Each structure stands twice: as C-alpha cells, then as structure tokens.
There are 2 protein chains.
Amino acid sequence: MTSSRPRPATIGDIARRAGVSTAAVSYVLNDAPGGARIPEETRERVRAAADEMGYVPGAGARSLRTGARDLVLYVRSDAAQGPLASEFLHGLSRALRGLGYTLMQYGAERDRGLEAARAWAALRPAAVLADDDRLTRAGVELLAKGGVPVVGLGSDPERARGTGLSTLVMDHRAIGRAAGRHLAGRGYRDLAAVLPAGPPLRAMGGERVEGVREAAAEAGAAVRVHDMAYSPESAAEVVAGWREEGLPRGVFGYNDEFSGLLLGALLDAGVRVPEEVGLVGADDLVLCRMLRPALSSVRMDGESSSATALRIAEVIAGGAEVHLSPWTPVPVRRAT
Amino acid sequence: MTSSRPRPATIGDIARRAGVSTAAVSYVLNDAPGGARIPEETRERVRAAADEMGYVPGAGARSLRTGARDLVLYVRSDAAQGPLASEFLHGLSRALRGLGYTLMQYGAERDRGLEAARAWAALRPAAVLADDDRLTRAGVELLAKGGVPVVGLGSDPERARGTGLSTLVMDHRAIGRAAGRHLAGRGYRDLAAVLPAGPPLRAMGGERVEGVREAAAEAGAAVRVHDMAYSPESAAEVVAGWREEGLPRGVFGYNDEFSGLLLGALLDAGVRVPEEVGLVGADDLVLCRMLRPALSSVRMDGESSSATALRIAEVIAGGAEVHLSPWTPVPVRRAT
DNA sequence: TTGAAAGCGGTACCAC
DNA sequence: GTGGTACCGCTTTCAA
C-alpha cells in the first residue's frame, strides 16, 4: 500500500475525465483558434476537470512541441550583490516577462567555462547573461552554435567586439576618476587608493585605481595603492602602515564598505576625519549615512534600470551584439 | 539571405553525421549499458560528431522521456539578502547538486499564491522552496497534487504541521529575547524596540519585539515600541521623539542596519552611546565593526548551512514533512 | 464540431 | 551486437 508520490496530471487525464480528446483540452485551455467552435458546455466541462485535478501544462513538453524558448539564464557571482544589482535584476525580470521571457538565476555553484556552458545549453535558453569570470571563449562559442546569445556582465567591450558576445559593464575607471577628482578638488595632493585582496573584486579594484591615477595625474597629485581584505583587521594594518610612512591626505576606499572599515580604523588610531584624512567610498549605500562622520561616496546614476533591461531584452529577442554601459558616476559630498 | 538564428543540434543531426542510429548516439554519449558492445571506433566517430556540432542533449526532451525531475525552485524576496542567506543558498545548492538536483532561483517578480504556484508547477520541479508570503493554501495544494513538496521559508511551523508543508524558519522571537536579555543584563530597565515600517520586514519585527518583551518581563523592565523606516530621516524622528519623552536606557534596533541608522541619529543629537543609551542590533554584519562605537549584535549560530541543506535535500528526495529551525541566536557584546 | 494522428528531441526496450 | 521504434506530454494540422 505504499502510495507513491502523485504524478502531475497530464492532458490525457483531463481529456478522459471530461470525456473529450486531448486536442479539445488543449484548445480550450489555450483558447486556441483551431477549436473555435467548441460549445461552451464542453469548455466548461474541460475547465472543471482541469481545475479539479490541478492540471497545469508542463512547460517542457510544450516547448518541445512548439520550439519556443522562453528561458533567460542569469548567472551571477555573489560579488554582484547590493541594492543596485538587485534593482537591475528586478527591472530586467519585469522587462523580460513583458516580452514573454522568464528569467531564472542559475548556478550558485562556481562552474565556469565549457562545462558550465554545456549545463546552460542543455536548458535550451533564449539567452544567457553571465558574469565575465564564468565565460570562456569555448563556452561562448558552444552557446553561439546553438543560437544562444550571451551577454557578458563586466566583460571588456573592446575584446568582445565582433565576437558576438554582448557586454554590460559598469565603468569602474570612471568611478575611480570621479572619486579621484572629488579628492583632488578638495585640494588633496597626497592620495591613497585601496585594492581589494580577493579575486572577484580585484579586477574591478584595479580599474578603479587606474581611474584615480588619471584624476591624480590631471591634478598633479600622487597616488599610493594598498592591498586590503574585507576585515577590520586588514583595515587596521593599512592604517598602521600609514602611521609609519605618513598619512595620505585623501583616500579612496574602493567602495563604501571597505571605506567604512577604513574609517573605523582611522578613528581608532586617533586620526581626525576629514581634518587630517579625507575619505571617499563608492556605491552610495545607506551605510554612508550611518557612519559618523557621514561618508562621501560616488553614486551610479543612469537611465532607469528597467530601460536598460529593455535594451537587453531586445538583444535577447533580436540576437544582435550590443555593448552597454548605462551608468554614470556622480560624486556625493558628505562630511568626509 | 537572412540566415536565421541557428538551432541547437539534435541527436538526429549527430546520428546522421556519424552514420549511425540515434540510439547508438544516445548509448555512446551516456555510455549506457544498453549499447555495451558498440565498437570503440564507432564511439569515436559519434563523439567527434557531437563535439564538432557542439551537441548537448536537451534537458527538456530528456526529462520528458525519463520522467526524472531534477529542478529545485528557490523563490525568495529581496528581504532575505545578506551574507547569511547567501551562505545558506550556496550550501543548499552544493548539497542538492550532490544529490543530483539543480537549484534555480525563480521569480524576482512579486507573483504569489495560486498564480505563482501554477507557474512553478509548469516547470515540473522536484520541489519548491519559497518565502512564506508567496504561499497560499491553494497554491501549496496545487503543488502537492502534482507531487511537489513545498518548503515554506519563514512559515509558521505550528500552522503548517500536518498540512504537508515543510518549514524552515529563523526564530525571531529568540533573537529578540537574546537582545532583550543582553540589554537587561546590563542593568537597563527602560527599553525601546524598533519595528520596521515596511510589509516584508514587519512580521519578523513583530516577533523580535515579542522576544524583547519576554526578556523584559523576566527582568521587570519596560519596553516601548517605535515604528521606523529604513532611512536616516526616520531614525532622526525616532530619536527626536525620545528627546521629548525621555531617552530609553537600552535600545534594540531590529537589526544591524536599522541600529546603524539609529546610532548615527543618536550621535547627531549629542547623545552619548553607550553611556546614556545602549544599543544592540542583530545579524552581526561586518557593519557592526565599521561603526564607532562598535555595535553590539546578535549572531545566528547553527549547524553548518550545508548540513541544513542536506536535511532539506532529504525532504525533497523523500517527500516527508519536516520543520527546521537550525539557527541559535548568540549575543555579541561590543562597545554599544 | 470533434478527434485521430504526426511529430518535437530524446531514451531504452526488444526484435533482428 | 546493433539499431528500429515506441513512447514521454503536448500542440496543431487535417479529415471525418
């Protein structure tokens, strides 16, 4: 008497229960033109049967038959968390739904390259959006062979151009430039910038530092660069180093969170902020307004994220190659 | 000459190219026992063909044929962000993969209830994990009819017991209790607790406040409750209110982020923390160690998240009803 | 007006 | 030993 787990009802079950053919069921449930002249009474019966049995057509069998692909895969590392990414995700999801696609986040695992591409391809998606570090040449090629457009999140547009790979990037160099100019604009000439130690953030950090360097060069300022991990201890070490070799006048802390750590360490060391050291983060999180003194930052402005999402959705639908960089950095001056 | 988008290669394509039957292709690629005696030379040819054409078997057709369901849906609101949720997600994903399942995050949209359940059911998942606010009686029933177990994230275990709905909860009351005891343990008898204004957080907030009340009752302390939105302005209002009616001695700020806002507002108002007002958050984010004075908090300890994940995976595999609450709150005393 | 049947891409039974 | 073929659930053409 082991009642095994119930299986979902099939169209055949409904047809049998309603005493009609499977075709009739399909017609009624999709109110398809093919079965335009099915009497209301029959329709009623079919709908009732479907309802009672909790029938929902299986997406797999359906898309196997129709050939429609409506799945969009979104593969992200955790690095891309926070309100900005989250808002973007929502806008994208909404825009895609409006166009008949379904967005799914896939791969909390670290799979990448060809292996990952095979897993994605097996799902026959309409498109794949993936963090750059998940993508390899071979992987993108495999997907392309199956007609699956790929959008590289954070991929270098220059390297991608002409390869069929679309890109969506945040201009980290511009963020660094904005931060650097903010600092230089206050008259600071002795600058320091922080480079996150971990692999996922390091690449972005490098770009941001480059931007700071550009801004410093414009203003004739010097820039020191320091490795730092995301921990209070590491922040304290950086500050201790500064105490020895001399405090920088202005600091770009990579982002608000690293800057928050740095601020704590500076205050612990008895350094007055901003009188002795100015500090600027990036992302303009609410965190900036929790800290005292309140943290200056760089906000990312841009077309509404759903507008961006819409453009991406068009790529997906059209299959063209595009390169998007929809955010503009805007310095936000606060106490530090 | 409009070269339409390429379609993925099918098993038939490979068979034709390799000059064998589709059956042979299937056997070779899955090295299935059925085709044990296919000569190595033929296998080679098949593999080569598959490779050249970038063939990957479609998961849809495969599971249609085999009847296997390997998809686990994870439906979460953004409310559940942060390192804890993220770590849990990873552990879960890994554990499930080990058992042959694939975890996908679905539904950035706000769909809920029966409508959402239909969408999930169409994917023929092995199980659905969803935030409680997405679930309705009818929705869970629909899924159950199709043999799909549901785990309610944050659902009340008491109400769920016996309905077939599994639950995974964080014990918010216990968090509040831990925070309240921490405060009372410092000798504070005039307590205040914050209740987040928004709908997603409010329910949890209510539970936490209840916990604070319990701890206060034990110690003979009083508790005031204040609505607050997640903004510096709202925090300032709360503090202004306190200035008028008298400062509380100890404050539970719902979580670290609300507490951070409160801390900023308190300092702005010239209140000395912790000399005049003690403050405790919850979650033990890195944020606590950015703030000065460093924020006391309540950390969530528990069995490793992958162990929890494993138990959930068993539910999925077995279809049984379980009620999990694997986290234990632990006060973390810092400067505030 | 209704329904039989073909076929989507796979797997695996079973007859050659 | 091999590979033809039935079949999974569903849509849609076409004939009755």
Side-chain angles (χ1 to χ4, degrees), chain A residues 6-46 49-50 53-71 118 121-125 146-147, chain B residues 6-46 49-50 53-71 118 121-125 146-147:
Chain A
R7 317 260 319 155
T10 71
I11 197 171
D13 296 333
I14 309 303
R16 221 164 302 127
R17 193 185 236 266
V20 298
S21 72
T22 61
V25 175
S26 179
Y27 287 142
V28 170
L29 262 27
N30 305 329
D31 48 23
R37 293 278 149 261
I38 296 176
E40 188 55 37
E41 189 226 351
T42 305
R43 304 179 103 89
E44 216 57 62
R45 224 168 352 117
V46 169
M53 308 195 68
Y55 173 67
V56 181
R62 169 177 295 187
S63 73
L64 177 58
R65 174 65 239 224
T66 63
R69 10 229 82 197
D70 72 323
L71 176 67
R118 303 185 125 265
L123 298 168
R124 300 284 186 260
Chain B
R7 317 259 317 156
T10 71
I11 196 173
D13 296 333
I14 309 304
R16 222 164 302 128
R17 193 185 235 266
V20 298
S21 73
T22 61
V25 175
S26 179
Y27 287 142
V28 170
L29 262 27
N30 305 330
D31 49 24
R37 293 279 148 258
I38 296 177
E40 187 54 36
E41 190 227 350
T42 305
R43 302 178 106 86
E44 215 56 65
R45 218 157 7 105
V46 169
M53 307 193 71
Y55 172 67
V56 180
R62 185 197 298 249
S63 73
L64 176 58
R65 175 64 242 220
T66 62
R69 358 214 67 103
D70 73 323
L71 177 67
R118 303 184 126 265
L123 298 168
R124 300 285 186 260

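We name chains A, B, ... by the order of the sequence lines, and we start the count at 1 in each one. Fair warning: this is a prediction, and the values are worked out from it, not measured in the lab.
Remark: side-chain polar atoms of B/R69 are not paired, donor with acceptor, to backbone N or O of B/P125 under 3.5 angstrom. Put simply, the side chain of A/D31 never gets that close to the backbone of A/V28: no donor and acceptor are under 3.5 Å apart. The main-chain N or O of B/S26 is found under 3.5 Å from a side-chain atom of B/N30 such that the two form a donor-acceptor pair. Of the possible polar contacts, one joining the B/T66 side chain to the B/R62 backbone as a donor-acceptor pair under 3.5 Å is found.
A/G12 approaches A/T22 most closely through the heavy-atom pair CA-CG2, 3.9 Å. Minimum heavy-atom separation, A/D13 to A/P8: OD2-O, 4.4 Å. Taking each heavy atom of A/A49 and A/R17 in turn, the nearest pair found is CB-CD, 3.9 Å. The nearest pair of heavy atoms linking B/Y55 to B/T10 is CE1-C, 3.6 Å. The shortest heavy-atom contact between B/R45 and B/G19 is NH1-O, 4.3 Å. Between A/P57 and B/R124, the shortest heavy-atom contact is C-NH2, 3.8 Å.
Looking at heavy-atom distances under 4.0 Å, A/R43 makes no contact with the nucleic acid at all. Contacts of B/R7 with the nucleic acid, taken as non-hydrogen atoms under 4.0 Å apart, are absent. Among the heavy atoms of the strands, none lies under 4.0 Å from A/G67.
We find that CZ of B/R45 is positioned 13 Å from C1' of D/dG3, with the value rounded to whole Å.
The residue among A/I11 and B/V20 whose nearest nucleotide of DNA chain D lies closer to the 5′ end is B/V20.
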Between protein and nucleotides 12-16 of chain D, what N or O pairs are separated by less than 3.5 Å?
unit_1: D/dT13; atom_1: O4; unit_2: A/Y27; atom_2: OH; d: 2.8

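You can see that DNA chain C meets the heavy atoms of chain B within a 4.0 Å-exclusive cut from C/dG9 to C/dC13, reading 5' to 3'.
Two residues are said to be in side-chain contact when any heavy atoms from C-beta on lie closer than 4.5 Å; B/R43 and B/V46 fail this criterion.
Axis deviation across the helix from C/dT1-D/dA16 to C/dC16-D/dG1 amounts to 60°, comparing end segments of five pairs, rounded to 10 degrees.
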